[in-house]
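This report refers to the structure that appears directly beneath it.
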Amino acid sequence: MTGALIIAGSIFLWGALSVRLQRADLTAPVVFVAVGVLLAGLDLVEAPEGPEGLKILVEITLVWVLFSDAARVPVKELRHDLGPYVRLLAVGLPLTMLAGWGLAWWFFPAAGVWGALLVAAALAPTDAALGIPVVTNPVVPARVRRLITVESGLNDGIATPVVMLAIAAVAAEEELAGASGLGTALVSLLAGAVVGGVVGLLGGRALRWARQRGWAAEDFAGIAVLALALIAYTAALAVDANGFVAAFCGGLAFGAAAGPRGPAELVFVEQSAGLVSLLVWLAFGAVAGPVMLDLVTPMMVVYAVLSLTLIRMLSVALACLGAGFDRSTILFIGWFGPRGLASLVFALLALEELGTGVEHAVAAIGVTVLLSVIAHGLSAAPLAARYGRTHSPVPK
């Protein structure tokens, strides 16, 4: 009960003091990972045998984040500035995976070629939530903020198939019983896209139709969308399809079909995801952190640092050649590629599917996320202010 009281009190205080804390360069992941570590240090939480105990919590959070991020993609607005988005997602993201793959294969030869791809692909997606002071700071040009936000919203959905293929390849290589092969994984990904698209399209149109007839109360429309994201995910799982791809494609379809009230109805989904994400970061600090630290090696720390700096920033720089950005803007976008929820859930999925054979790969992912929480959380506000002083905001 003491632990529950501290958790509830921490959430309340964060809600009441969030602006003040963010001005002090503290983000929600930094604060709640620290609270989790405190709870573990005081023996107020009982850790499971491994970090897979977080799986359900992280999965639900990622489903809501994927759905809401995809539904928020401003397709019509992006057409006017499509080039930079395509560069980051179609060039920068694959380069990040390839560079991370090669480095992981070199650093962790025991993981094998597919285990190295698992590490690289799981760490390729970014999480703008770790850099909230950047994407919400008006001193940062709107174009740059949109670019970071849209990249973060789409790259986890794009990386999901690669992660699933890497897991299937490791399983096939080790001939694990019950694990899906490469062909099955591809079918699962395609089926997930179809299921999610159908659910999102039908759900968006049904809710719009109900609103037009006055059947849907405003107070409950957001709850309906929250449930719709879970329907897309669970419907995909029911037919052995990929639930995360379904959630992402469901969000895209919902955003296209829901009409002008759709964005307002996503607020409840985003707030729910925000609440659950606080618990994820707290649990990560309390449970997964100590478990992974038992497995950490100096080579993992070096890889984590390179993944957050050289691999990401060099890939972004190459992708942005000829895009018209100055050097400081490219460095700014390259640095603010924090790793967060998507990387955690990919690591936990791998652990569940493959067992302890990939625990060192999972530890490498966990160490990178932990360093990202600290480094990006503490640097977001001061670097955003510094960058904003030297760049005139671009009108929205």
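Residues take their numbers from the sequence shown, with the count starting at 1.
Nearest approach of Met97 to Ala121, heavy atoms of both residues: CG-CA, 4.4 Å. In this structure, Met300 and Ala363 approach most closely via the heavy-atom pair SD-CB, 3.9 Å. Across Ser343 and Ala122, no two heavy atoms sit closer than the pair OG-O, 2.6 Å. Contact detail for Trp64 and Val276: the closest heavy-atom pair is CZ3-CG2, 3.7 Å. Minimum interatomic distance between Ala350 and Val358 (heavy atoms only, all atoms of both residues): O-CG2, 3.7 Å. Of all non-hydrogen atoms in Val170 and Gly115, the two that sit nearest each other are CG2-N, 3.7 Å.
The CZ atom of Phe220 lies 13.0 Å from the CG atom of Leu226; values are rounded to the nearest 0.5 Å. Atom CG of Asp127 and atom CZ of Phe336 lie 13.0 Å apart (nearest 0.5 Å). The line from CG of Leu118 to CH2 of Trp101 is 12.0 Å long, rounded to the nearest 0.5 Å. Distance check: Leu318 CG to Arg87 CZ gives 11.0 Å after rounding to the nearest 0.5 Å. Here Leu201 contributes atom CG and Leu252 contributes atom CG; the two are 11.5 Å apart, rounded to the nearest 0.5 Å. Atom CZ in Arg312 sits 10.5 Å away from atom OG in Ser372 (nearest 0.5 Å).
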Please test Phe108 against Met299 for side-chain contact (heavy atoms from CB on, under 4.5 Å), starting from the C-alpha separation and ending with a verdict.
CA-CA 8 Å; Phe108 315 118; Met299 196 63 73; 4.1 Å; yes
Apply salt bridge (charged side-chain N to carboxylate O under 4.0 Å, His left out) to Glu151 and Arg145, showing your working.
CA-CA 10 Å; Glu151 181 199 11; Arg145 284 185 278 130; over 6 Å; no
Before giving the answer on side-chain contact (heavy atoms from CB on, under 4.5 Å), spell out for Thr96 and Leu314 the whole-Å C-alpha distance, their side-chain angles and the decisive distance to 0.1 Å.
CA-CA 8 Å; Thr96 301; Leu314 183 58; over 6 Å; no
Pair Phe244-Phe248, ring pair (Phe, Tyr, Trp, His ring centres under 6.0 Å): steps then yes or no
CA-CA 6 Å; Phe244 298 116; Phe248 182 76; over 10 Å; no
Carefully, step by step, assess Ile223 and Phe268 under the rule side-chain contact (heavy atoms from CB on, under 4.5 Å).
CA-CA 7 Å; Ile223 298 175; Phe268 186 73; 3.7 Å; yes
side-chain contact (heavy atoms from CB on, under 4.5 Å) for Leu331 and Met313? Distances and angles first, verdict last.
CA-CA 7 Å; Leu331 290 174; Met313 298 175 77; 3.9 Å; yes
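Cluster annotation: Leu310 and Trp106 are assigned to the same hydrophobic cluster (Ile/Leu/Val/Met/Phe/Trp/Tyr, side-chain heavy-atom contacts under 4.5 Å, transitive). In the hydrophobic clustering of this structure, Leu66 groups with Leu89; members are Ile, Leu, Val, Met, Phe, Trp, Tyr whose side-chain heavy atoms approach within less than 4.5 Å, directly or through other members. Each of Leu228 and Leu202 belongs to its own hydrophobic cluster when Ile, Leu, Val, Met, Phe, Trp and Tyr are linked at side-chain heavy-atom distances under 4.5 angstrom. Cluster annotation: Ile231 and Val194 are assigned to distinct hydrophobic clusters (Ile/Leu/Val/Met/Phe/Trp/Tyr, side-chain heavy-atom contacts under 4.5 Å, transitive). The hydrophobic clustering, which links ILVMFWY residues whose side-chain heavy atoms are closer than 4.5 Å, places Leu147 and Val139 together.
With a 4.5 Å cut-off on side-chain heavy atoms, Leu306 and Phe107 count as touching. Between Trp335 and Val134, the closest side-chain pair of non-hydrogen atoms is not below 4.5 Å. Thr61 is listed as a side-chain neighbour of Val65, based on a closest heavy-atom distance under 4.5 Å. Between Leu266 and Phe67 there is a side-chain heavy-atom pair separated by less than 4.5 Å. Side-chain contact between Val369 and Trp281 is present, with at least one heavy-atom pair separated by less than 4.5 Å. The side-chain heavy atoms of Thr329 and Val144, taken from C-beta on, include a pair separated by under 4.5 Å. A 4.5 Å side-chain heavy-atom check between Pro29 and His376 finds every atom pair outside the cut-off. Val91 places none of its side-chain heavy atoms less than 4.5 Å from the side chain of Leu88.
A donor-acceptor contact shorter than 3.5 Å is absent between the side chain of Thr126 and the backbone of Pro338. For the pair Tyr303 (side chain) and Gly100 (backbone), a donor-acceptor distance under 3.5 Å is present. Under a 3.5 Å cut-off, the side chain of Arg339 and the backbone N or O of Val373 do not form any donor-acceptor pair.
When each of Leu282, Ile11, Leu39 is tested with Ile6 by the rule side chain to side chain contact (heavy atoms under 4.5 Å, CB included), just one qualifies, namely Leu39.
Remark: Arg327 CZ is loosely packed, at most 12 non-hydrogen atoms of other residues, nucleotides or ligands lying under 6.0 Å away.
Using cut-offs of 30° and 60° for the angle between ring planes, the Phe332 and Tyr387 rings count as parallel.
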